[in-house]
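For reference, the structure is listed below as structure tokens.
Bear in mind that the values here come from a model prediction, so they are computed numbers and not experimental data. Sequence positions, counted from 1, serve as the residue numbers for this chain.
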Amino acid sequence: MFIAIDAGKCMGHGRCYAVAEDLLSDDDEGFVAERGRCWELPADLVGQAQDAADACPEGAIAVTETAPADA
Ligand code: SF4
């Protein structure tokens with residue numbers, strides 16, 4: 001599974017890293033520090049990734065079985 005965070009959609013609500021603290025972190029301005037990145041998830045963090053995607057009100061986080069074509 002892969003996670004991709006759309007930097008253009010992220011508005012810095014901070015909900016994602018609050019529910020996925022082993023996976024995501026915040027930057028100095030409250031945005032998720034990993035925005036704009038796509039990477040393969042360790043199996044034990046897939047649940048946190050899905051929680052983060054569900055928590056994001058902007059729909060900025062995608063969790064997919066294959067890497068996005070534009071990653
Ligand atoms: S919850 Fe969504 S909008 Fe908020 S910091 Fe995370 S990715 Fe960005």
Might you work through the side chain to side chain contact (heavy atoms under 4.5 Å, CB included) test for Ile3 and Leu45, ending with a clear yes or no? CA-CA 10 Å; Ile3 184 170; Leu45 292 180; over 6 Å; no
Side-chain contact test, heavy atoms from C-beta onward, threshold under 4.5 Å: evaluate it for [X] versus [Y] and give yes or no.
X	Y	result
Cys56	Arg15	no
Gln50	Met1	yes
Asp27	Arg35	yes
His13	Glu58	yes

For the residue pair [X] and [Y], what are the closest heavy atoms and their distance?
X	Y	value
Ala60	Cys10	CB-N, 3.9 Å
Ala49	Leu41	CB-CD1, 3.6 Å
Ala53	Ile61	CB-O, 3.6 Å
Thr66	Thr64	O-OG1, 2.7 Å

Between CZ of Phe31 and CD of Glu29, what distance do you get to the nearest 0.5 Å?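 Between Phe31 CZ and Glu29 CD, I get 6.0 Å after rounding to 0.5 Å.
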Linked, directly or transitively: [X] and [Y] (ILVMFWY side chains, under 4.5 Å):
X	Y	value
Val63	Val19	no
Val32	Met11	no
Val46	Phe2	no
Tyr17	Ile5	yes

Partners meeting side chain to side chain donor-acceptor pair (under 3.5 Å) with Asp44 (sequence neighbours left out):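 Result, side chain to side chain donor-acceptor pair (under 3.5 Å) vs Asp44: none returned.
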